[in-house]
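Just so you know, these numbers come straight off a predicted model, no measurement behind them. A note on names: the letters A, B, ... follow the listed sequences, proteins ahead of strands, and every chain is numbered from 1.
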Number of protein chains: 2
Amino acid sequence: MSKRYGCPVELAVDVIGGKWRPVILAHLKEGAHRYGELRRRVPDMSEKMLAQRLRELQADGLVERVDRQSRPAHVEYHLTEEGRSLAPVLQALYDWGVARAERSATPIGHLPR
Amino acid sequence: MSKRYGCPVELAVDVIGGKWRPVILAHLKEGAHRYGELRRRVPDMSEKMLAQRLRELQADGLVERVDRQSRPAHVEYHLTEEGRSLAPVLQALYDWGVARAERSATPIGHLPR
DNA sequence: CGGTATCCATATTGATACTG
DNA sequence: CAGTATCAATATGGATACCG
């Protein structure tokens, strides 16, 4: 039941598009993060969206979940090799966002580092 | 009234995200197109979405509309300077889509040229 | 040719509360 | 800490018909 796409951009958007997936991926690009860390770093995203998008990103092979099996719970998410292949896309989005914010004098937070 | 964003990627996604905006922009990146051309090149997008997204892209300063004032009607759309600044994003999306399609053996159409 | 208007269906998003 | 469940609001998408 694989979908067909009219062009490569349609496929890319289908997998990594949407309001929050690129943001989550951009954070994970900086290294593994725990669930709660991601919540704090993207406070405008509801918890439901975070959990849902993380599951989709796992299903699409971009993100891996690691349960450290400890009490209290400790779960980490990190990019897979496939996920790391998105680096050029995420970097381009980030750079464009920075430049656009400057041009339009829009206040903006930044990823650390 | 301007929105605030937690990171540059959120801003970028807000302006060029969604299902069809990147696809339209990728086509216009290849040069000016008429309304009907865009419809034929992206047949899976409804006419309503095309008209609506084009209006948004104009409002955001990424696309310019040129009415040739002829009978029958002849209207062209092309990227503004600001729109052309998206080239790295669009290229990265395109390239990743091509690679992903190959890895997953997904059939896919391509932009001409 | 290049659109709009209308109506409707579905998907996405969000607030809040709850659980192991 | 790391989630899930539920309900409600909004956004997005599509079919059809119509207009200068």
In this structure, how many angstroms lie between the [atom2] atom of [N] and the [atom1] atom of [X], rounded?
X     : N      : atom1 : atom2 : value
B:I24 : C:dG2  : CD1   : C1'   : 15 Å
A:D14 : C:dT12 : CG    : C1'   : 14 Å
B:R40 : C:dG2  : CZ    : C1'   : 12 Å
A:L38 : D:dA2  : CG    : C1'   : 12 Å
A:E56 : D:dG3  : CD    : P     : 15 Å
A:L54 : D:dC1  : CG    : P     : 16 Å
B:H33 : C:dC1  : NE2   : P     : 16 Å
A:L50 : D:dG3  : CG    : P     : 8 Å

Requested in this report: Using the test side chain to side chain donor-acceptor pair (under 3.5 Å), find all partners of A:Y77 that sit at least two apart in sequence or belong to another chain.
Outcome: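 Checked A:Y77 against side chain to side chain donor-acceptor pair (under 3.5 Å); zero matches.
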
**Report entry** Out of C:dC1, C:dG20, C:dT4, whichever nucleotide has its closest atom nearest the side chain of B:R34
**Finding:**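 Taking heavy atoms from C-beta onward, the closest nucleotide is C:dC1.
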
Query - Options D:dC1, D:dG3, D:dG20, nucleotide nearest the side-chain atoms of A:Y35 - result: D:dG3

Side-chain N,O ([X]) to OP1/OP2 ([N]) below 4.0 Å:
X     : N     : value
A:R55 : D:dG3 : no
B:R65 : C:dG3 : yes
B:Y77 : C:dG3 : yes

Query raised in the report: Has the side chain of A:E10 got a donor or acceptor atom that lies under 3.5 Å from a matching backbone atom of A:G6?
Result: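 Side chain of A:E10 to backbone of A:G6: a pair is present.
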
Please enumerate all protein N or O atoms sitting under 3.5 Å from an N or O of nucleotides 13-16 of chain D, with distances to 0.1 Å.
unit_1, atom_1, unit_2, atom_2, d
D:dG13, OP2, B:R53, NH2, 3.2
D:dG13, O6, B:K48, NZ, 3.1
D:dG14, O6, B:K48, NZ, 2.2

I'd like to know if [X] pairs up with [Y] as an ion pair, taking the criterion as any Lys NZ or Arg NE/NH1/NH2 lying under 4.0 Å from an Asp or Glu carboxylate oxygen.
X     : Y      : answer
A:R40 : A:E37  : no
B:R84 : B:E81  : yes
B:E82 : A:R100 : yes

Query - Residue of the set B:V89, B:L90, B:L93 for which side-chain contact (heavy atoms from CB on, under 4.5 Å) holds with B:L25 - result: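 That would be B:L90; it is the only one of B:V89, B:L90, B:L93 passing the side-chain contact (heavy atoms from CB on, under 4.5 Å) with B:L25.
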
Query raised in the report: Does the side chain of A:Y35 come under 3.5 Å of the side chain of A:H74 through a donor N or O and an acceptor N or O?
Result: no

Query raised in the report: When we call it a touch if two heavy atoms are under 4.0 Å apart, what does B:R68 touch: a base, just sugar-phosphate, or nothing?
Result: nothing

